[in-house]
A.B. asks: 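I have a structure I would like to understand better, so I am pasting it below and will then ask my questions one at a time.
Throughout, protein chains are lettered first and strands after them, A, B, ... in sequence-line order, and every chain is numbered starting at 1. Being a predicted model, the structure only gives us computed values, none of them experimental.
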Amino acid sequence: MSIILDKVNYSYSEGTAYHVQALKDINLKIEDGEFIGIIGHTGSGKSTLIQHMNGLIKATSGGIYFHGQDIYDEDFNMKELRSRVGLVFQYPEHQLFETTIFDDVCFGPKNLGLDKKTVELRAFEALRNVGFPHELFYQPPFDLSGGQKRRVAIAGVLAMKPEVLILDEPTAGLDPAGRDEILGLISQMHKELGITIILVSHSMEDVAKYVDRIIVMNQGSVMYDGVPKDVFRQYKELEAVGLAAPQVTYLMHELQEKGLPVDVDATTVEEAKESILAAFR
Amino acid sequence: MIRDITIGQYYPADSLLHRLDPRVKLFTTVIYIIALFSFKGIVGLALITGFLYYVIKISKVPFRFMTRGLKAIIVLVVITSIFSLLGTPGDIVFWKWKSLQLTDAGIINAVLMTIRLVYLILGTSLMTLTTTPNQLTNGLETALAPLNKFHVPVHSIAMMMSIALRFIPILIEETDKIMKAQMARGADFENGNLIQKAKAMVPLLVPLFVSAFRRAEDLAMAMEARCYNGGEGRTKMKPLKYTQEDYNAYGIVIGFLVLVIIAANVVPFPQ
């Protein structure tokens with residue numbers, strides 16, 4: 001039991017001409033140790049949804065429970081929640097401000113009121129966990145490449161030792177190599193540090209390979225929630241709402257139509273290869 | 001949270017006021033302000049109130065939108081009215097303490113000052129609510145074009161204004177995002193004393209400035225790539241053109257001013 005969302009609704013600018021209902025009756029349960037992908041096209045409410053999970057946005061109605069505690073209770077410690085549910089935003093430029101990378105990563109743990117030694121130790125650990133090269137630790141963060149900035153941003157949140165790590169479009173604007181690196185890194189953190197990961201993306205391709213549960217958002221509601229192969233089986237419906245299943249899914253369906261006995265539930269290139277080879281054996 | 005700022009905000013609707021030429025609306029606003037600060041007597045006040053009520057009605061903008069703009073200046077209104085209430089010498093003195101006094105002229109002054117300020121905000125915010133920033137600067141540029149002869153860079157000023165206005169919502173949104181990103185790392189913008197609060201601004205201001213400079217550079221580059229070189233010889237996609245409605249509006253507004261002036265001379269009571 002980690003995070004429970006109970007009938008969460010949220011509207012922007014209520015009572016004005018710009019009124020938008022961003023979330024409609026969201027019910028979700030996120031367990032410890034899960035690796036979840038949240039998918040939806042632009043404006044589907046996925047970014048709004050994740051900001052509810054660490055209390056940055058207050059739901060218009062409904063309840064959110066973290067380890068059984070109502071986060072909207074008067075005496076609930078929001079700051080502690082934000083350290084335990086870490087959220088990395090899409091643009092690292094929005095959070096880098098210190099003169100050196102190391103100091104910037106120290107910002108999170110320092111805000112938790114830890115002593116200097118612990119803060120520095122945590123920053124060091126976090127930067128190592130994201131595979132950041134040691135010789136750049138004391139450089140200013142503004143000249144780094146997109147991928148490196150993202151690593152620093154992730155480290156900045158990781159240094160608070162969160163139990164749940166939410167990443168909003170961590171691969172946006174990266175080249176394919178940088179994308180694979182960041183996703184590999186996230187998957188490695190999930191395995192080695194045992195933290196719950198929630199990955200927000202609009203690309204099925206990105207998440208299919210790594211996650212073990214997919215939540216599809218459409219117009220502020222949860223459209224599908226399940227393991228990747230069950231979700232991708234609905235590839236026609238996904239297409240109708242402007243999303244696409246991984247290319248592998250299309251290939252396997254076409255091969256099957258052509259009469260080749262392959263497994264249409266293959267979600268990664270690796271699985272597809274095995275299945276096609278098996279069909280020819 | 002910061003989304004609620006109304007100043008300079010546009011309210012989309014389809015009304016006569018929205019359709020009017022921005023030059024007409026600028027002119028009307030100037031006339032309205034002149035009328036507001038030159039009227040005398042109850043008839044003049046009634047005329048202005050009637051005019052304001054009428055334009056608000058035909059604008060189709062919900063009244064609470066304008067009152068939200070009022071909230072921001074409530075402190076200013078209270079302070080100015082207290083000063084004129086206690087600082088004006090008059091014929092009948094109700095109460096006196098050192099240099100503070102409560103007089104008949106003071107009461108009238110305070111009431112008038114409050115009415116003027118409130119009406120001023122309502123009237124001017126009605127203009128920005130019914131005119132997009134682009135139309136507004138476009139109108140200003142055309143209206144001020146004669147100043148070009150005196151080497152006033154009207155086009156550059158208008159361009160700067162429209163860029164500045166265009167960037168307000170972007171920067172507000174950016175501030176919101178940066179605040180959230182830092183709050184997610186445990187930053188606290190609300191609690192603490194003045195020094196702590198000022199210190200808490202650093203993680204907000206540095207990324208904001210970095211991004212503002214980056215945006216400015218990108219914009220300059222994009223403008224140059226489109227061969228922008230100032231106002232000379234530049235044509236407009238939608239040049240401003242007066243319609244019959246605009247001429248009618250000019251007539252009504254001038255008539256309104258004349259009436260207010262007549263009222264001030266004929267029935268100048270009470271002050």
A.B. asks: Could you have a look at B:P62, B:A13, B:A187 and say which one has the most heavy-atom pairs with chain A under 4.5 angstrom?
C.D. replies: B:A187
A.B. asks: Does a side-chain N-to-carboxylate-O contact under 4.0 Å join B:K241 and B:D21?
C.D. replies: no
A.B. asks: For residues B:H18 and B:S15, is any side-chain donor paired with an opposing acceptor at under 3.5 Å?
C.D. replies: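 The criterion, which ignores hydrogens and geometry beyond distance, is satisfied for B:S15 and B:H18.
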A.B. asks: Please give me the minimum heavy-atom distance between B:S81 and B:T114, naming the atom from each residue.
C.D. replies: CB-OG1, 3.5 Å
A.B. asks: Answer with side chain, backbone, both or neither: which region of A:E80 has an atom nearer than 4.5 Å to a non-hydrogen atom of chain B?
C.D. replies: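 For A:E80, neither part sits under 4.5 Å from chain B.
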A.B. asks: For the residue pair A:Y138 and A:F102, does the interplanar ring angle fall in the parallel (under 30°), tilted (30 to 60°) or perpendicular (over 60°) class?
C.D. replies: tilted
A.B. asks: Quick check: under 4.5 Å, non-hydrogen atoms only, which of residues 81-97 of chain A neighbour chain B?
C.D. replies: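 Heavy-atom contacts from residues 81-97 of chain A to chain B are A:R82, A:L87, A:F89, A:E93, A:H94, A:Q95, A:L96, A:F97.
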A.B. asks: Side chains of B:T49 and B:Y119: do they bring a donor and an acceptor to under 3.5 Å?
C.D. replies: yes
A.B. asks: Tell me whether the count of non-hydrogen atoms from other residues, nucleotides or ligands lying under 6.0 Å of OH in B:Y53 goes above 12.
C.D. replies: no
A.B. asks: Please flag which part of A:D104 lies under 4.5 Å from any non-hydrogen atom of chain B: side chain, backbone, both or neither.
C.D. replies: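 The answer is both parts of A:D104.
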A.B. asks: Pick whichever of B:L204, B:I178, B:D188, B:V202 has the most heavy-atom pairs under 4.5 Å with chain A.
C.D. replies: B:I178
A.B. asks: To check you understand the geometry: which heavy-atom pair defines the closest contact between A:I198 and A:I38, and what is its length?
C.D. replies: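 Closest heavy-atom pair between A:I198 and A:I38: CG2-CD1, 3.6 Å.
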A.B. asks: With a sphere of 6.0 Å drawn around CE of B:M113, does it hold more than 12 non-hydrogen atoms of other residues, nucleotides or ligands?
C.D. replies: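 Result for CE/B:M113: open.
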